[in-house]
Amino acid sequence: MGGAAEGRGAGAQSIDVGAISAEVAAGRRCWLMKSEPEVYGLDDLARDGQTSWEGVRNYQARNFMRDDMAVGDLVLFYHSNAQPPGVAGLARVCRAAYPDPAAFDPASPYFDPKSKPEAPAWLRVDLAYVGHLARFVPLEQLKADPELSGMLVIQRGQRLSVQPVSGPHLLRVLALSAG
DNA sequence: GCCAACGTTGGC
DNA sequence: GCCAACGTTGGC
């Protein structure tokens, strides 16, 4: 591997910013979701094409998925606990919230005995890969950008792994990644 | 590894 | 319902 693909996994795609802008202008909902790249990063999603977002164990994050997330929604894929942390790419919700089977599995690190199949406490969505940002946008750059003031991910102590993002903020991140 | 921020738990 | 203790997140 080399050239433009340096540092990206096999199958990495670029993002059609014009098409995304049109979607956002038409009212497409936007999100940011965090993953530790050593656990499951954007390269893994590019390889797999889609994935089930298991393991959300925070009520506010669950409620966002349950109440507000729909098929087609756009997702900034954020690498947390990374060096540096930041936005790596774009994904899309391809299945709306449904019970997270990991919560029922005693062998899973996400097992939660409070969650029963007849009354699931935890949900997951499925995400499809859209593309890698032209350039990774580190958290430091998000924090420094005046147009992104108010974005949740840059706020101190903000730990939510599923966050709503405004359309203009999502487009701004794409613009920053282009240069 | 440190630690600030936050969420959850459990005694009362 | 209060709140201290504890566990987790996640940047640094």
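Proteins come first, then strands; the chains are lettered A, B, ... in the order of their sequence lines, and each starts at number 1. Note that the coordinates shown come from a computational prediction; the quantities given were computed from them, not determined experimentally.
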So, does [X] use its side chain to make a donor-acceptor pair with the main chain of [Y] at under 3.5 Å?
{"X": "A:Arg29", "Y": "A:Asp68", "answer": "yes"}
{"X": "A:Arg28", "Y": "A:Gly72", "answer": "yes"}
{"X": "A:His79", "Y": "A:Leu42", "answer": "yes"}
{"X": "A:Asp145", "Y": "A:Leu142", "answer": "no"}

Quiz item: Under 30°, 30 to 60°, or over 60°: which ring-plane class applies to A:Phe77 and A:Tyr40, parallel, tilted or perpendicular?
Solution: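 The arrangement is tilted - the two ring planes meet at 30° to 60°.
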
Quiz item: Going by heavy atoms closer than 4.0 Å, what residues in residues 113-124 of chain A are next to DNA chain C?
Solution: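 Residues of residues 113-124 of chain A that come under 4.0 Å of DNA chain C do not exist, since none gets that close.
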
Quiz item: A:Tyr98: what forms a side chain to side chain donor-acceptor pair (under 3.5 Å) with it, not counting sequence neighbours?
Solution: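 By the side chain to side chain donor-acceptor pair (under 3.5 Å) rule, A:Tyr98 matches A:Ser52, A:Arg124, A:Asp126.
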
Quiz item: Would one find a side-chain N or O of A:Tyr78 under 4.0 angstrom from OP1 or OP2 of C:dG11?
Solution: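 So the side-chain polar atoms of A:Tyr78 do come within 4.0 Å of the phosphate oxygens OP1 or OP2 of C:dG11, strictly under.
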
Practice problem: Would you tell me if any nitrogen or oxygen in the side chain of A:Lys34 comes within less than 4.0 Å of OP1 or OP2 on C:dG10? | Solution: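 Yes, within the criterion.
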
Exercise. Run the ring-centre check on A:Trp122 versus A:Tyr59 and record whether the distance is less than 6.0 Å.
Key: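 Between A:Tyr59 and A:Trp122, which both carry aromatic rings, the centre distance is below 6.0 Å.
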
Practice problem: Go through A:Asp112 and A:Arg57 one step at a time and tell me if the salt bridge (charged side-chain N to carboxylate O under 4.0 Å, His left out) criterion holds. | Solution: CA-CA 9 Å; A:Asp112 182 351; A:Arg57 295 293 178 268; 5.2 Å; no

Quiz item: What string of B, S and - do you get for nucleotides 3-8 of chain C, 5' to 3', when a contact is any protein heavy atom under 4.0 Å?
Solution: ----BB

Quiz item: Given atom CD1 of A:Ile154 and atom C1' of C:dG10, what is their separation to the nearest angstrom?
Solution: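 Going from A:Ile154 (CD1) to C:dG10 (C1'), I get 16 Å.
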
